[in-house]
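Take a look at the structure below.
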Amino acid sequence: MIDAMIAYSTGMLDAIAVFLSSEPIIYLFGLVCLALVVKVVKDIIK
């Protein structure tokens with residue numbers, strides 16, 4: 001039972017890691033970070 005849960009959890013984490021490392025997700029994450037940086041800079045300039 002425990003081995004099955006470990007195998008399931010490992011499989012799910014591997015699938016999530018592959019999904020998050022795909023290019024569109026990385027680009028989207030970069031775009032969100034850039035938007036936050038721009039917002040902070042705009043607030044500092046004001």
List, one per line, each side-chain donor-acceptor pair under 3.5 Å for residues 26-43, sequence neighbours excluded.
from: Tyr27; atom 1: OH; to: Glu23; atom 2: OE1; distance (Å): 3.3

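Looking at residues two or more places apart in sequence or on another chain, you find a side chain to side chain contact (heavy atoms under 4.5 Å, CB included) between Thr10 and Ile6, Asp14.
Members clustered with Tyr8: Met12, by chain and number, using a 4.5 Å side-chain heavy-atom cutoff among hydrophobic residues. Under the 4.5 angstrom side-chain criterion for Ile, Leu, Val, Met, Phe, Trp and Tyr, Val18 has no cluster partners at all.
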